[in-house]
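We number each residue from 1, following the sequence as shown.
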Amino acid sequence: TQYRPGEDLLACSPELDWKGSLSKKNLTALLKVFQEEYDLVILDTPSGDNGLIGAALALSDIRLITLTPDAPCLRGTGRFLEALPDRDKVTGLIINQQAPGAALQPDEIKAHLGQLLIGVFPIDQASVWANVSYGEPSVLQKNSKMGRSIRQLANRLLKMIDQLEL
């Protein structure tokens with residue numbers, strides 16, 4: 001589906017009534033077609049690894065791992081990173097819901113996980129409220145801390161893509 005001029009969106013059906021299961025082989029073939037057709041393919045996957053996620057990550061050029069700054073998530077993210085295929089691929093961390101004075105600071109998380117820190121999203125209740133209640137994207141809110149963080153992340157990713165010549 002054309003989402004905006006120059007952007008297509010393949011969204012998951014709200015009703016998950018698959019006729020058959022998606023295999024690693026089929027997912028790999030589908031993603032290779034997308035890579036040939038598009039300059040940039042962005043996948044949003046659930047957390048964890050069910051085999052299909054590993055197949056998708058194996059084909060990716062940049063992997064973004066989102067986590068919250070708490071001990072259980074840090075442990076789970078560490079296990080997930082250890083199990084990633086192709087550990088030499090660019091992998092970056094995005095910390096979500098970072099509060100001022102939190103027990104775990106971004107630099108500590110980066111050092112513990114040994115990965116590039118690409119973005120830190122603050123807790124921004126007003127922005128999230130406007131997004132959820134009124135459909136107003138945080139990124140379009142000029143005074144939103146969350147929106148500013150998302151724009152900074154987008155700029156960093158564009159620079160990374162240029163450097164990797166994707």
Side-chain angles (χ1 to χ4, degrees), residues 1-12 14 31 34-35 38-49 53-54 56-84 86-166:
T1 304
Q2 186 171 23
Y3 179 64
R4 292 185 179 148
E7 295 178 17
D8 292 337
L9 174 67
L10 178 62
C12 183
L31 291 177
F34 288 158
Q35 287 175 324
Y38 296 99
D39 295 331
L40 182 64
V41 177
I42 298 173
L43 300 175
D44 184 7
T45 65
S47 61
D49 184 10
I53 293 170
L57 291 174
L59 292 170
S60 67
D61 294 307
I62 300 173
R63 303 180 288 199
L64 303 176
I65 311 299
T66 305
L67 69 147
T68 53
D70 56 78
C73 188
L74 189 61
R75 285 190 297 272
T77 302
R79 288 189 300 270
F80 180 76
L81 290 168
E82 287 293 321
L84 277 179
D86 302 319
R87 296 193 49 151
D88 59 332
K89 288 193 175 196
V90 176
T91 301
L93 302 173
I94 299 172
I95 301 172
N96 193 19
Q97 301 181 22
Q98 181 70 40
L104 292 171
Q105 293 300 307
D107 287 340
E108 295 172 305
I109 294 170
K110 175 185 172 186
H112 179 76
L113 295 174
Q115 298 293 330
L116 178 67
L117 180 60
I118 296 180
V120 178
F121 293 168
I123 293 177
D124 187 351
Q125 294 173 341
S127 177
V128 172
W129 175 259
N131 184 285
V132 171
S133 299
Y134 304 110
E136 184 179 319
S138 300
V139 73
L140 299 179
Q141 300 171 20
K142 289 185 179 184
N143 296 326
S144 163
K145 294 178 208 172
M146 176 68 81
R148 186 176 328 111
S149 296
I150 293 169
R151 290 188 299 273
Q152 289 171 346
L153 173 64
N155 287 330
R156 283 187 198 110
L157 289 173
L158 288 172
K159 287 178 185 174
M160 289 175 71
I161 288 166
D162 285 343
Q163 289 173 349
L164 294 173
E165 297 177 3
L166 300 178

Report yes or no: do Asn96 and Thr66 form a side-chain donor-acceptor pair below 3.5 Å? no
Which is it for Phe80 and Leu57 under the side chain to side chain contact (heavy atoms under 4.5 Å, CB included) test, yes or no, and what are the steps along the way? CA-CA 12 Å; Phe80 180 76; Leu57 291 174; 3.7 Å; yes
To check you understand the geometry: which heavy-atom pair defines the closest contact between [X] and [Y], and what is its length?
| X | Y | value |
| --- | --- | --- |
| Arg151 | Lys142 | NH2-O, 3.8 Å |
| Ser138 | Asn131 | N-ND2, 3.6 Å |
| Arg63 | Lys89 | NH2-CB, 3.7 Å |
| Val120 | Ser149 | O-OG, 3.3 Å |
| Gly92 | Ile118 | CA-CD1, 3.4 Å |
| Gln105 | Gln98 | NE2-NE2, 4.1 Å |

Could you tell me the separation between the [atom1] atom of [X] and the [atom2] atom of [Y], rounded to the nearest 0.5 Å?
| X | Y | atom1 | atom2 | result |
| --- | --- | --- | --- | --- |
| Lys110 | Leu104 | NZ | CG | 16.0 Å |
| Leu40 | Gln35 | CG | CD | 10.5 Å |
| Leu93 | Leu81 | CG | CG | 6.5 Å |
| Ile95 | Leu67 | CD1 | CG | 5.5 Å |
| Glu108 | Leu74 | CD | CG | 9.5 Å |
| Asn155 | Ile150 | CG | CD1 | 12.5 Å |

Kindly determine whether Ile109 and Leu117 satisfy side chain to side chain contact (heavy atoms under 4.5 Å, CB included), including the steps that lead there. CA-CA 9 Å; Ile109 294 170; Leu117 180 60; over 6 Å; no
Verdict with reasoning, Ile65 to Leu113, per side chain to side chain contact (heavy atoms under 4.5 Å, CB included): CA-CA 11 Å; Ile65 311 299; Leu113 295 174; over 6 Å; no
Heavy atoms of other groups near Asn143 CG, more than 12 under 6.0 Å: no
Identify the residue among Arg148, Gln141, Lys145, Glu136 that makes a side-chain hydrogen bond (donor to acceptor under 3.5 Å, both in side chains) with Ser127.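 Among Arg148, Gln141, Lys145, Glu136, the one meeting side-chain hydrogen bond (donor to acceptor under 3.5 Å, both in side chains) with Ser127 is Gln141.
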So among Ile62, Leu116, Leu84, which one has a side chain to side chain contact (heavy atoms under 4.5 Å, CB included) with Thr91? Leu84
Before giving the answer on side chain to side chain contact (heavy atoms under 4.5 Å, CB included), spell out for Gln163 and Val90 the whole-Å C-alpha distance, their side-chain angles and the decisive distance to 0.1 Å. CA-CA 12 Å; Gln163 289 173 349; Val90 176; over 6 Å; no
Sub-3.5 Å donor-acceptor pair from the side chain of Ser144 to the main-chain atoms of Met146, do we have one? yes
